[in-house]
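These notes are about the structure you will find just below.
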2 protein chains.
Amino acid sequence: MIHVTIKDVAKRLNVSVSTVSRAFNDKYDIKKDTKELILKTAKEMGYHPNPIAKKLSQNKSFNIGVVIPEFMNSYYSEIVIVLQEFFISKGYQVLLMQSDENEEQELKNVKTLINNMVDGLIIAPTVGYRNRPYFIEKYNEGYPIVFLNRIDETLPASKVIFNNVKWSFFATEHLIRQKYKKIYHLSGYNNLCVSSERIEGYKKAMNKHKFPKENYKIIETGLLAEEGMEVIEDLIFHHDIPDAFFCVNDMVALGAMKKLKDNGFKIPDDVALVGFTETRIAKLVTPELSSVRQPTHDMAKKAGEILLNRINNPDSETETIVFNGEFNIRKSSVRDFSIPPI
Amino acid sequence: MIHVTIKDVAKRLNVSVSTVSRAFNDKYDIKKDTKELILKTAKEMGYHPNPIAKKLSQNKSFNIGVVIPEFMNSYYSEIVIVLQEFFISKGYQVLLMQSDENEEQELKNVKTLINNMVDGLIIAPTVGYRNRPYFIEKYNEGYPIVFLNRIDETLPASKVIFNNVKWSFFATEHLIRQKYKKIYHLSGYNNLCVSSERIEGYKKAMNKHKFPKENYKIIETGLLAEEGMEVIEDLIFHHDIPDAFFCVNDMVALGAMKKLKDNGFKIPDDVALVGFTETRIAKLVTPELSSVRQPTHDMAKKAGEILLNRINNPDSETETIVFNGEFNIRKSSVRDFSIPPI
DNA sequence: ACCGTTTCCGAAACCGTTTCCGAAAACCGA
DNA sequence: TCGGTTTTCGGAAACGGTTTCGGAAACGGT
């Protein structure tokens, strides 16, 4: 239990602490023999460098702050796993905080992390735009930050995002090709940029195919299954069920699907459904849910790389990486398999 | 960007650094006036104590290591959220690592955390028993560790666990009461203690009601939906579908449900299903899945409290807390609503 | 006015590293 | 052999706090 320090090793070998330190950090001049001897006896003695002392003397925390909006969808879990692995392998630790889709919580999280002297931040913002100015201020002060998903392309900062417009356009157009005539969009939150972008893609497709006004509608829902359910209940009450829904995410789609099935609607014959940001549950429900898959793994890794680069090279360029996905068409949106899907 | 230190504050007020330090740590003698003055000007100057320096001088990292087996089921996400919140509020940071159900990875995780000088560990072990001796060794050396879920009651260490035997007994007996005559158990991993315990509960119920051998069977599956699906395929191939399944978790149950439905089985009329460790998806599938809910939130919080207590009070007693749950009966296992469920 | 407490504060050691500076040692070519 | 480089290493300051120790100041009672 007693911690053996660099001094103990130095004393044992009658060398100075600086020499021992050098043995552990290649970058300084040290004879190969002594280096090996030191490493060997250090190992025998059970010496491990104290990371805290290292942090203090190097004025670096070797900590990365990661702020995510929520944890319940597997999307962010996966991102966290990738980031953890990436940063650990580079000698950093990840401090994770989640904001529970709450702007105040998010601000607190970021401030906590900055006070804890993280060397950099990866932020997947929560719903709302209130904290934007603060983030940008920090970014402009030179604080290494990479934004991930949930941020619009125009933000003047490094970011890794998904091409929501394009893929929601595809998803919507797929429904149109399948000859659904009345297609509603369950859109998440109005003050959430991924919602806006998915709305834009939806509108683009609907306009391209000249859908009349009464056949399309955008309904704000939130991001949870329960909210999808509520909307369907409401629509049923008003006898306003269209023949297809394009949903902001899988959870809302699954909530909607459940309520529709419970009320006797056949899917996809009466009503079709398409989700977004594919979860593993998409393939577990009946019928299986069509959804747009995001390259979560690659997006997270890229964000890590950009951040690390910025930390080690403070005046590196601002980078914006836009990822593309994959539209997985399943039974929930295919009434007629003879039609080419896209 | 320039960091203002305790010395700057001291110089500005012509006091010593020790006085400033005292102002920030109540425990030492300091006049109320000077304390307030110091805090005020410190704030004006934008001073924040450097947590790294504090860690070094106090020989504490104020870090807690949390090791979980996986991240894809919402169960551990929820646990992580609770632990994060709890420890942050106590001035600690959480270092999270996940083992991907891999023993070697788990050992690496724990060692990494110990080398990083975490003040304590919360471990939800992965599948397998190989790392047990190492954990116990550390525990006996006095390292503060609390085990969470996935550990058997006999382990001589502090732990927070769920009464799997009892609740899987209930779940199984519920199926029996519903007059299902041939009930199979999809059991997870043989070298996973929660599996063993759930098997035990299942057996207890089956034996109590004197089920003949041919009407029960335990099938090892793993913990993923895909594995549930594979087992069903296999059983269909061998014309060996029983009229009920009690499953080790919701994911396996959902995989099984999907495959059964795809093959024309009606649920719960032809086959009933019960899951465990309820996920939010249980209510999204058709029919809704019966499952045992665990008090995840309370379990995590308790684990945090025990650990903190042990850190601050090294010779506190070993504690074992066994939690109970709640059996949520839904349509997937109720053929006849006139029968009292339990 | 004096002495014993109590309150408050400064000096300095310490936590375990890294790193700058300079010096000793080794090496090299003429 | 000698002067100049290059290696290799030790000493000590620095990182930014906490904490022990002891002494000055304030206080309170006689």
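Values in this document were obtained by computation on a predicted structure and should not be read as measured data. Proteins get letters first, then strands, A, B, ... in listed order; numbering begins at 1 in each.
- At most 12 non-hydrogen atoms from other residues, nucleotides or ligands lie less than 6.0 angstrom from NZ of K301(A).
- A distance of 9.5 Å separates CD1 in I161(A) from CD1 in I321(A), rounded to the nearest 0.5 Å.
- Atom pair N59(B):CG and dG17(D):P shows a separation of 17 Å (rounding to whole Å applied).
- Within 6.0 Å of CD on E317(A) lie no more than 12 heavy atoms contributed by other residues, nucleotides or ligands.
- Separation of atoms CG (D298(B)) and CZ (F323(B)) is listed at 5.5 Å; rounding is to 0.5 Å.
- Regarding Q58(B), its CD atom lies at a distance of 14 Å from the P atom of dC15(C), rounded to whole Å.
- Checked for salt-bridge contact, K40(B) and E44(B) meet the test: a charged N lies under 4.0 Å from a carboxylate O.
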Self-check item: Per-nucleotide protein contact string for nucleotides 4-14 of chain C (B base, S sugar-phosphate only, - none; heavy atom under 4.0 Å)
Solution: ----BBBB---
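- Looking at DNA chain D, the stems built from 3 or more consecutive Watson-Crick or G-U wobble pairs, each pair with its key distances under 3.5 Å, are C:1-30 with D:1-30.
- At the heavy-atom level, P49(A) lies under 4.0 Å from the strands shown only through sugar-phosphate atoms.
- Distance, K54(B) NZ to dT18(D) P: 6 Å, rounded to whole Å.
- Ionic pairing of D119(B) and K55(B) is not present here: no N-O contact between side-chain nitrogen and carboxylate oxygen is shorter than 4.0 angstrom.
- Residues E106(A) and Y134(A) have side chains not in contact (no heavy-atom distance under 4.5 Å, counting atoms from C-beta outward).
- Going from atom NZ of K11(B) over to atom C1' of dG16(D) covers 13 Å, rounded to whole Å.
- Put simply, NZ on K7(B) is 13 Å from P on dA13(D), counting in whole angstrom units.
- The two atoms that bring N63(A) and Q93(B) nearest to each other are OD1-OE1, 4.3 Å, heavy atoms only.
- Around atom CD of E103(A), more than 12 heavy atoms belonging to other residues, nucleotides or ligands sit under 6.0 Å away.
- Between the CG atom of N25(A) and the C1' atom of dC9(D) there is a distance of 15 Å, given to the nearest Å.
- Look at CG on N50(A): it is 18 Å from P on dC15(D), rounded to the nearest Å.
- Atoms CG (L37(A)) and P (dT8(D)) sit 15 Å apart, rounded to a whole Å.
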